[in-house]
Protein chains: 2
Amino acid sequence: MKRDSRLSTVLHVLLHMADPSGPVRSDVMARAANTNPVVIRRTMAGLKQAGFVRSEKGHGGGWELNCDLDKVTLRDIYLALGSPTLLAMGNRTESPGCLVEQAVNRALGQTFDEAEALILERFGGVTLAQLAADIRGNHKHQEHTHAS
Amino acid sequence: MKRDSRLSTVLHVLLHMADPSGPVRSDVMARAANTNPVVIRRTMAGLKQAGFVRSEKGHGGGWELNCDLDKVTLRDIYLALGSPTLLAMGNRTESPGCLVEQAVNRALGQTFDEAEALILERFGGVTLAQLAADIRGNHKHQEHTHAS
DNA sequence: TTTCACGTAACATATGAAGTTACATGAAAC
DNA sequence: GTTTCATGTAACTTCATATGTTACGTGAAA
């Protein structure tokens, strides 16, 4: 499959919206993200439904943040996107009759579950405000975000 | 993309080969794995090159194990498969000029790197022999393989 | 009423795993 | 040595999914 970059894209445009210069149109975001306005709107739909952003039609319309950057984590954004698949690998058959395959599934599945849990935990530990601060210059904090 | 199940498949057939009843043909493995002989041969090619299995043509031919199950880990098998992509998500652009996107990439990339490292570490901690033992009945060990 | 921007369906494109067909290669059986 | 068998591999096709695009409906401001 193609690598899923929706989270990357949506974080990018969200943080661009963070500096409060009025509503941002889909086509402007699309240009910044080097993609298509429809792709932006489609991707933002989940965030809107989750209440993280709002949008207005017509003249002067566009997208605005509708949340406290301190209270929203990458995990929240990920969930709002519909929890897209994290791992590119999986078990061949989910409920096999074969004992051998069941054992393989247990071993692999355990590792896959741990990896997914780790990702969600890390996502949950980063707020949009932290990312915004990171952008404003203090990149040194980045290194020990989770090591502290 | 379709979920990659090559590791799952190849472990399945490898462990079936573990009980020493002579060479196993691709079509037999394919039937067991509910797939196609060519897919099996294609997938096994890397394992053969890595020396974990050998194959013979002609009458009485087929595939046999060529390694010590105690010495080969899931990580070795994964690498022999050509280290297929582990994560379904990635950064939209790998080397963006935009500072905002750079910050997003750092945050996401760090998490992705950790997740991949975790998976490889877990894979490295499980030998084929352990899986084979697991199949032979002592499923209780499974739970605390890594918690011990 | 016109213009603008979102909302969304429908379709096109791209990527990569998996499935399939066809045939060459080499080894054992006869 | 010829036949049979199994791998090795190229060259498709199929399938799933993210992404890109076109077209048009909807509602709000000018």
Side-chain angles (χ1 to χ4, degrees), chain A residues 1-10 12-13 17 22-50 53-64 66 78 81-94, chain B residues 1-10 12-13 17 22-50 53-64 66 78 81-94:
Chain A
M1 139 207 26
K2 213 177 247 176
R3 209 87 174 274
D4 186 338
S5 62
R6 276 174 292 185
L7 183 58
S8 171
T9 298
V10 84
H12 182 188
V13 301
M17 289 162 60
V24 185
R25 294 194 315 260
S26 315
D27 66 309
V28 172
M29 291 194 260
R31 206 164 4 253
N34 198 38
T35 178
N36 190 289
V38 178
V39 173
I40 296 292
R41 291 201 284 269
R42 185 193 291 157
T43 309
M44 299 288 281
L47 301 206
K48 177 176 180 177
Q49 192 169 2
V53 296
R54 62 172 169 271
S55 63
E56 294 295 341
K57 293 178 178 177
H59 280 94
W63 299 81
E64 283 180 303
N66 191 38
Y78 167 77
L81 286 177
S83 309
T85 306
L86 290 173
L87 299 182
M89 300 185 47
N91 290 323
R92 204 183 53 78
T93 303
E94 222 37 71
Chain B
M1 161 205 351
K2 213 175 246 176
R3 210 88 173 275
D4 186 340
S5 63
R6 277 173 291 184
L7 183 57
S8 172
T9 299
V10 85
H12 183 189
V13 300
M17 289 163 60
V24 185
R25 294 193 315 258
S26 315
D27 65 308
V28 172
M29 291 194 259
R31 208 168 357 260
N34 199 39
T35 178
N36 190 291
V38 178
V39 173
I40 296 290
R41 291 201 284 268
R42 185 195 291 158
T43 308
M44 298 288 282
L47 300 205
K48 177 175 180 178
Q49 190 168 2
V53 296
R54 62 171 168 271
S55 63
E56 294 295 341
K57 294 179 178 177
H59 280 91
W63 299 80
E64 284 181 302
N66 192 36
Y78 167 77
L81 285 177
S83 309
T85 306
L86 291 172
L87 300 182
M89 301 185 48
N91 290 323
R92 202 182 53 78
T93 303
E94 222 38 70

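Sequence lines set the chain letters: A, B, ... in the order given, protein chains first and strands last, and positions in each chain run from 1.
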Q | Side chain of B:Arg42 - closest among D:dT19, C:dT20, C:dA17 | A | C:dT20

Q) Tell me: CD of A:Glu64 to P of C:dC6, nearest whole Å? A) 12 Å

Q | Minimum-distance nucleotide to A:Thr35 side chain [options: C:dT20, D:dG8, D:dG20] | A | D:dG20

Q: Not counting sequence neighbours, which residues clear side chain to side chain contact (heavy atoms under 4.5 Å, CB included) with B:Arg25? List them please.
A: B:Asp27, B:Val28

**Q.** Length of the line joining B:Arg41:CZ and D:dA10:P, which is rounded to integer Å
**A.** 13 Å

Q.
At less than 4.0 Å, is any side-chain N or O atom of A:Thr85 found next to OP1 or OP2 of D:dT17? Yes or no.
A. no

Q: Rounded to the nearest angstrom, tell me the gap between atom CG in B:Leu7 and atom P in C:dA18.
A: 11 Å

(Q) Distance check needed: D:dA23 P versus A:Asn36 CG, whole Å only. (A) 13 Å

Q: Can you see which heavy atom on B:Pro84 is nearest to which on B:Tyr78, and at what distance?
A: O-OH, 2.6 Å

Q: Under 4.0 Å between any heavy atoms, over every strand shown, what does B:Arg6 touch: base, sugar-phosphate, or nothing? Just pick one.
A: sugar-phosphate

Q: Using a cut-off of strictly less than 4.0 Å, decide whether A:Ser5 has a side-chain nitrogen or oxygen near OP1 or OP2 of D:dT19.
A: yes

Q: Please determine if a side-chain N or O atom of B:Lys48 lies less than 4.0 Å away from the OP1 or OP2 oxygen of D:dG8.
A: yes

(Q) Closest approach to the side chain of B:Val38, judged atom by atom: which nucleotide of D:dT9, C:dA9, D:dC15 is it? (A) D:dT9

Q.
Between B:Val13 and B:Met44, does the side-chain contact (heavy atoms from CB on, under 4.5 Å) criterion hold? Intermediate values first, please.
A. CA-CA 10 Å; B:Val13 300; B:Met44 298 288 282; 4.0 Å; yes

Q: Check whether any side-chain nitrogen or oxygen of A:Ser26 sits under 4.0 Å from OP1 or OP2 of C:dA5, and answer yes or no.
A: no

Q: Please check if the side chain of B:Arg3 supplies one atom and the backbone of A:Ala88 the other of a donor-acceptor pair under 3.5 Å.
A: no

Q. How long is the line joining NE2 of B:His59 and P of D:dA6, in whole Å?
A. 7 Å

Q. For B:Gly58 and A:Val39, take the nucleotide of DNA chain D holding the closest heavy atom to each; which residue's nucleotide lies nearer the 5' end?
A. B:Gly58

Q) Heavy atoms under 4.0 Å, any strand shown: does B:Gly60 hit a base, just sugar-phosphate, or nothing? A) nothing

Q.
Rounded to whole Å, please give me the gap between NZ in B:Lys57 and P in D:dA6.
A. 14 Å

Q) What does B:Arg25 touch in the nucleic acid at a heavy-atom separation under 4.0 angstrom: a base, only the sugar-phosphate, or nothing? A) sugar-phosphate

Q. So, is B:Ser55 near the phosphate of D:dA6, with a side-chain N or O under 4.0 Å from OP1 or OP2?
A. no

**Q.** Atom-to-atom span, CD1 of A:Ile40 to C1' of C:dT8 - whole angstrom
**A.** 16 Å

Q: Rounded to the nearest angstrom, tell me the gap between atom CG in A:Leu47 and atom C1' in C:dG7.
A: 15 Å

Q) Looking only at atom types and distance, does a side-chain atom of B:Arg6 sit under 3.5 Å from a main-chain N or O of B:Leu81, one as donor and one as acceptor? A) no

